[in-house]
Number of protein chains: 2
Amino acid sequence: MVSNQTKISPEFIQNAARVLKTLGHPDRIKIVEYLDDGEKTVGQIHRELEMLQPIVSQHLKVMFDRGIVINRQEGTRFFYALANEFIFKILDCMADAQEKIRNGAWTFESQEN
Amino acid sequence: MVSNQTKISPEFIQNAARVLKTLGHPDRIKIVEYLDDGEKTVGQIHRELEMLQPIVSQHLKVMFDRGIVINRQEGTRFFYALANEFIFKILDCMADAQEKIRNGAWTFESQEN
DNA sequence: GTTTTATATAGTAAAAACACTATATTCTCT
DNA sequence: AGAGAATATAGTGTTTTTACTATATAAAAC
């Protein structure tokens with residue numbers, strides 16, 4: 001399979017870079033993955049993923065600001081959800097890559113440390 | 001279309017985070033995209049993408065260390081190429097997302113600045 | 001052997017990201 | 001009104017990233 005040849009536009013590159021960089025944090029990947037099956041409250045994330053509550057809020061704020069998650073308030077709770085399919089696609093992409101690597105179909109070597 | 005439900009393993013998350021974060025830089029996305037149709041020398045990248053040579057080398061070093069690109073030497077030249085299909089897939093993913101967003105099929109709003 | 005060309009590396013100042021503690025805000029319930 | 005729960009925000013020290021200039025290295029050409 002050959003790679004898509006669509007040219008990526010300069011404006012989009014800025015956005016994409018921002019999103020990729022933001023997703024490039026283990027905790028945030030975990031959060032995004034956890035949100036994959038539907039909206040969750042801050043508390044759920046905090047308890048389920050065993051992260052400090054302010055850390056969770058901070059990650060969610062960053063991801064909200066960058067268009068990765070959306071939220072809605074219900075009383076004192078905030079429900080967060082993935083904002084768009086781009087995020088789903090990247091998750092798919094990662095899960096897929098993981099499979100291929102596990103299979104030995106791909107290799108994925110890091111050279112340092 | 002529903003998202004892939006494969007669970008992402010903790011070890012893989014570390015790698016994925018590293019790669020995504022590394023790709024989350026406009027210059028590096030441009031370089032990776034430029035490498036999409038085959039290996040290129042540092043000088044080609046430098047001239048074609050109009051980036052300072054040490055910047056290019058620096059980006060390439062980071063990407064090499066993180067398993068995103070590979071290289072081979074030929075005389076005084078170094079040819080760099082994408083290291084594996086994970087990178088291709090992410091590129092595809094981005095190009096795809098760009099299309100959908102351009103179409104208006106998705107929205108992608110950034111909330112800040 | 002000296003000069004050019006191509007690339008890498010060092011050094012560094014500025015900016016951004018991170019992790020964590022403490023505190024504020026806002027609802028809800030009584 | 002007061003207490004408790006859920007979440008956000010402030011403040012801060014530390015680490016990482018980034019951008020850039022200057023310099024080193026190594027092969028090629030003359």
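In this text the structure is predicted, and so the values were computed from the model without any measurement. The figures that follow rest on heavy atoms only: side chains count, while hydrogens, waters and symmetry mates do not. Residue numbering restarts at 1 for every chain, and letters A, B, ... go by the order of the sequence lines.
- Rounded to the nearest 0.5 Å, atoms CZ (B:Phe12) and CD1 (A:Ile29) are 8.0 Å apart.
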Scan nucleotides 23-30 of chain D nucleotide by nucleotide, 5' to 3', and note B when protein non-hydrogen atoms come under 4.0 Å of the base, S if they reach only the sugar-phosphate, - if neither. ----SS--

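- Classification of B:Lys40 and B:Glu48 as a salt-bridged pair fails, no side-chain N sitting under 4.0 Å from a carboxylate O.
- Note on A:Phe79: nothing from the nucleic acid sits closer than 4.0 angstrom, heavy atoms only.
- No side-chain donor from either of A:Thr41 and A:Arg77 sits under 3.5 Å from a side-chain acceptor of the other.
- Ranked by how close their nearest DNA chain C nucleotide is to the 5' end, B:Asn71 and A:Gln58 are led by B:Asn71.
- What separates CD of A:Glu48 from C1' of D:dA6 is a distance of 17 Å, to the nearest Å.
- The closest side-chain heavy-atom distance from A:Tyr80 to A:Ile70 is not below 4.5 Å.
- Other residues, nucleotides and ligands contribute only 12 or fewer heavy atoms inside 6.0 Å of the CD atom of A:Glu50.
- Expressed to the nearest 0.5 Å, how far CZ of B:Arg66 lies from CG of B:Leu23 amounts to 10.5 Å.
- When the C1' atoms of four end pairs are superposed on the next four at each end of the helix from C:dG1-D:dC30 to C:dT30-D:dA1, using five pairs per end, the two resulting axes differ in direction by 20°, to 10°.
- What separates NE2 of B:His46 from P of D:dA19 is a distance of 17 Å, to the nearest Å.
- Spacing between atom CE of A:Met51 and atom P of D:dT7 amounts to 15 Å, rounded to whole angstrom units.
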Take B:Val56 and B:Asp27, measure what side chain to side chain contact (heavy atoms under 4.5 Å, CB included) needs, and give me the verdict at the end. CA-CA 9 Å; B:Val56 173; B:Asp27 286 354; over 6 Å; no

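- In terms of heavy-atom proximity, B:Phe78 sits nearest to B:Asn71 at CD2-ND2, 4.2 Å.
- For the pair A:Leu52 CG and D:dT7 P, the interatomic distance rounds to 15 Å; values are reported in whole Å.
- Checking side-chain atoms of B:His59 against main-chain N and O of B:Arg28 turns up no donor-acceptor pair under 3.5 Å.
- Atom CD of A:Gln44 and atom P of D:dA6 are 11 Å apart (whole Å).
- Taking atom NE2 of B:His25 as the reference point, atom P of D:dC20 lies 10 Å away to the nearest angstrom.
- From the 5' end on, the contacts that DNA chain C makes with chain A at under 4.0 Å to a non-hydrogen atom open and close at C:dA17 to C:dT28.
- Atom C1' of nucleotide D:dA5 and atom CZ of A:Phe78 are separated by 13 Å, given to the nearest angstrom.
- No engagement by A:Arg47 is indicated, since no non-hydrogen atom pair under 4.0 Å with the nucleic acid exists.
- Note that OG1 of A:Thr22 and CE of A:Met63 are 8.5 Å apart. Values are rounded to the nearest 0.5 Å.
- Rounding to the nearest 0.5 Å gives a distance of 10.5 Å between CD1 of B:Ile87 and CG of B:Leu35.
- The CZ-C1' distance, from B:Arg28 to D:dA19, rounds to 12 Å in whole Å.
- A:Leu82 and A:Phe79 fall into different hydrophobic clusters, where Ile, Leu, Val, Met, Phe, Trp and Tyr side chains are chained together by heavy-atom contacts under 4.5 Å.
- A close approach under 4.0 Å does not occur between any side-chain nitrogen or oxygen of A:Lys40 and OP1 or OP2 of D:dT7.
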